[in-house]
Amino acid sequence: MTAFSPVSALVGGGLIGLASVLMLAVFGRIAGISGIAVRLLPPYTDRETSGRAAFILGLIAAPLLIWLLTGTRPAAVVEAGPMRLLVAGALVGFGAVYGSGCTSGHGVCGLSRLSRRSFVAVGVFMTTAILTVFVTRHWMGV
C-alpha cells in the first residue's frame, strides 16, 4: 500500500499536463510515452529520433535531478517480484500496441482533445485496473 499525497499528486499531474501542452504547442506532437518509445526503434528511426530520445532521457533523468537537488532519493516502492513485473510489463506493452496508445497518450492528451477513441481506451484501462486490483487483493490475497 502506498501513502497518498494530494500535494505530490497535484504537482505531478500538473507537470504532466504542462509537458503535454508544451509538446503539442512547440512540436505539434502528442505526448504518448509508448508511441515515443516504440518510435525510437527501427523501422521508425527518422530525423525526430533525437527529440524522442531526449524526451525519454528526460523521464529517466528527472528523479536523478530531484536526488541531486534535494539529497533525497524519490521514493520508489515496488511490492512485486521480477516475474510479476515482467508479466505486467508485457501486458501493458500489448495493451498499448492494441489500444494504439498508453495511459498518457489517451488519458492526458486524448481526453483533453475529446477523442472518442481515447474515451473508450481510458474506460477499458480503468475497468481493467479496477478488476485487476479486486481480483488480486480479494481473491488471490496478493
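In this chain, residues are counted from 1 in sequence order.
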Visitor: Return the orientation label for the Phe134 and His138 ring planes: parallel under 30°, perpendicular over 60°, tilted otherwise.
Guide: tilted
Visitor: Looking at every non-hydrogen atom in both residues, tell me the closest pair between Phe55 and Ala31 and how far apart they are.
Guide: CZ-CB, 4.3 Å
Visitor: Step by step, work out the side chain to side chain contact (heavy atoms under 4.5 Å, CB included) result for Asp46 and Arg52.
Guide: CA-CA 10 Å; Asp46 56 21; Arg52 293 181 192 119; 3.1 Å; yes
Visitor: Does a side-chain heavy-atom distance below 4.5 Å link Leu40 with Glu48?
Guide: no
Visitor: Taking C-beta and beyond as the side chain, do Ser118 and Arg113 meet within less than 4.5 Å on heavy atoms?
Guide: no
Visitor: Do Ile56 and Val26 sit in one hydrophobic cluster, given that two such residues count as connected whenever their side-chain heavy atoms are within less than 4.5 Å of each other, even indirectly?
Guide: yes
Visitor: Taking Arg39 for its side chain and Gly35 for its backbone only, find out whether a donor-acceptor pair lies under 3.5 Å.
Guide: yes
Visitor: Between Cys109 and Ser112, which heavy-atom pair has the shortest distance, and what is it?
Guide: O-OG, 2.9 Å
Visitor: Between Gly107 and Val122, what is the shortest heavy-atom contact and its length?
Guide: CA-CG2, 3.6 Å
Visitor: Kindly say whether Val120 contributes a backbone atom to a donor-acceptor pair with the side chain of His106 at under 3.5 angstrom?
Guide: no
Visitor: Measure the shortest side-chain to side-chain distance between Phe119 and Leu111 over non-hydrogen atoms and say whether it is less than 4.5 angstrom.
Guide: yes
Visitor: Ile33 versus Thr103: any side-chain heavy-atom pair under 4.5 Å?
Guide: no
Visitor: Taking Leu65 as the starting point, is it possible to reach Leu18 by hopping between hydrophobic residues whose side chains are less than 4.5 Å apart?
Guide: no
Visitor: Let me check something: do Phe125 and Phe94 share a hydrophobic cluster, defined by ILVMFWY side-chain heavy atoms less than 4.5 Å apart, either directly or through other members?
Guide: no
Visitor: Side chains of Val135 and Met140, heavy atoms from C-beta outward: is any pair under 4.5 Å?
Guide: yes
Visitor: Go through the steps for Met23 and Ile36 under the test side chain to side chain contact (heavy atoms under 4.5 Å, CB included), then give the verdict.
Guide: CA-CA 12 Å; Met23 187 157 179; Ile36 291 171; 3.6 Å; yes
Visitor: How many angstroms lie between CZ in Arg47 and OG1 in Thr49, if you round to the nearest 0.5 Å?
Guide: 11.0 Å
